[in-house]
Amino acid sequence: MILFKRHRRPASISLNITSLMDMFTILLVFLLLNFSATSFDLKMSGRVVFPESVSEKELIDVVMMSVDKYSINVEGRFVANHENGVIQETYLDETGYKIIPLYNELIRQAQRTKNVTVSENKENGPTGKIILQMDKSLPFFLLRQVMYTAGQAEYNDFKFIAVKK
Amino acid sequence: MFKSLFRTDKRKVHDIGNLNLIPMMNMIVSIIPLLLISVTFIRFVALETSLPLYSDDVVSVDERNKGELGLSVAITEYGFVINANNGDIDKDGGRNIIAKVSGNYDYESLSQRLLEIKKEHQEQWSVVILPSEGTNFGEIVSTMDATREYKDSLVKEVLFPNVVIGGGVI
């Protein structure tokens with residue numbers, strides 16, 4: 001008889017969830033601190049080691065150029081390759097600064113997004129903006145070639161991407 | 001008499017029981033996945049710079065540069081060299097050359113020296129950075145940081161936020 005006897009369940013069980021609430025509150029505050037309201041679509045090649053910076057400026061959505069350890073890309077499209085920062089001479093014009101495939105691609109981008117990326121520069125008329133993500137180990141002579149080419153295509157304002165220190 | 005005044009009447013303390021935290025738990029449990037999805041652990045920032053302005057009209061360039069200090073920071077393989085085209089900042093001599101410390105660029109000293117120059121020329125906002133051929137991109141970005149603002153544990157001063165990257169040391 002006693003085998004089939006069932007204990008009556010208590011009407012309600014009270015769990016002590018205070019410690020769980022503590023944990024959740026701390027987690028919530030931590031996540032809120034790291035919350036970023038601005039979303040930004042960064043097309044990364046995965047082969048760029050970003051430099052660090054203490055800058056506070058947010059990124060804006062304009063033409064994206066990426067210079068990684070092996071190649072130059074504009075908006076995710078391959079443009080030219082390089083070896084330790086040295087570009088093949090066939091890609092360059094007679095001055096040695098202008099990268100012809102990059103110039104052609106930037107002109108194409110400028111025509112496509114003409115009305116979006118042009119900002120008013122009072123002294124020099126309208127100029128294009130460009131975001132440059134570049135590997136931190138690449139030399140200045142490559143940066144100079146890239147900036148010169150962008151300048152030729154009327155992209156004069158640069159934003160370098162860095163990781164917040 | 002006293003006993004009755006200070007005696008706490010235990011019968012009057014009601015047991016409030018457990019708070020019903022379930023609605024709050026529901027809310028937190030739904031907020032946390034939302035925040036976890038949108039949380040960013042690596043924050044990307046932008047450093048603004050522009051190409052140097054050029055003009056074919058020499059006279060207009062001279063007029064435009066009137067009152068400008070023409071400050072420049074050259075990054076050489078031995079360290080930084082600070083120079084000013086139109087101003088005398090080299091009164092003491094030698095202080096505008098900041099040598100490398102144990103093979104690394106001394107960004108703090110550069111920032112400190114620029115702070116001294118800034119105190120003498122409050123109305124100046126521009127600086128030209130002149131990297132050498134082999135300077136890598138990370139060093140250029142760190143130099144831009146050092147010229148843009150001075151920062152230590154106590155003070156934070158804006159130095160020269162308009163950074164232009166020049167053609168380089170020849």
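Every chain is numbered from 1, with letters handed out A, B, ... down the list of sequences.
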Flag if over 12 foreign heavy atoms under 6.0 Å of [atom1], [X]:
X	atom1	result
A/Q88	CD	yes
B/Y78	OH	no
A/E83	CD	no
A/Y91	OH	yes

Should [X] and [Y] be counted in the same cluster of Ile, Leu, Val, Met, Phe, Trp and Tyr side chains packed under 4.5 Å apart?
X	Y	value
A/L20	A/L31	yes
B/M25	B/I31	yes
B/V29	A/L27	yes
B/M27	A/I26	no
A/Y103	A/V67	no

Considering the options A/F160, A/F140, A/F141, which one meets the ring pair (Phe, Tyr, Trp, His ring centres under 6.0 Å) requirement together with B/F137? A/F160
Evaluate the side-chain proximity of A/M134 to B/V141: yes if any heavy-atom separation is below 4.5 Å, no if none is. no
Can you confirm whether A/L32 sits close enough to B/L35 that some side-chain heavy atom of one is under 4.5 Å from a side-chain heavy atom of the other? yes
Of the backbone (N, CA, C, O) and the side chain (C-beta and beyond), which part of [X] lies under 4.5 Å from a heavy atom of chain B, both, or neither?
X	value
A/L28	both
A/S53	both
A/L142	neither

Output the distance between atom [atom1] ([X]) and atom [atom2] ([Y]), rounded to the nearest 0.5 Å.
X	Y	atom1	atom2	result
B/D145	A/E52	CG	CD	10.0 Å
B/M24	A/M21	CE	CE	3.5 Å
A/N156	B/T49	CG	OG1	11.0 Å
B/E133	A/L143	CD	CG	11.0 Å

Between B/L36, B/I28, B/I32, which shows the greatest number of heavy-atom pairs under 4.5 Å with chain A? B/I32
Please find the pair of heavy atoms, one from B/G138 and one from A/P51, that lie closest to each other, and give the distance. CA-CB, 4.0 Å
Specify the closest pair of heavy atoms between A/M147 and B/I165, including all atoms of both residues, with the distance to one decimal. CE-CB, 4.2 Å
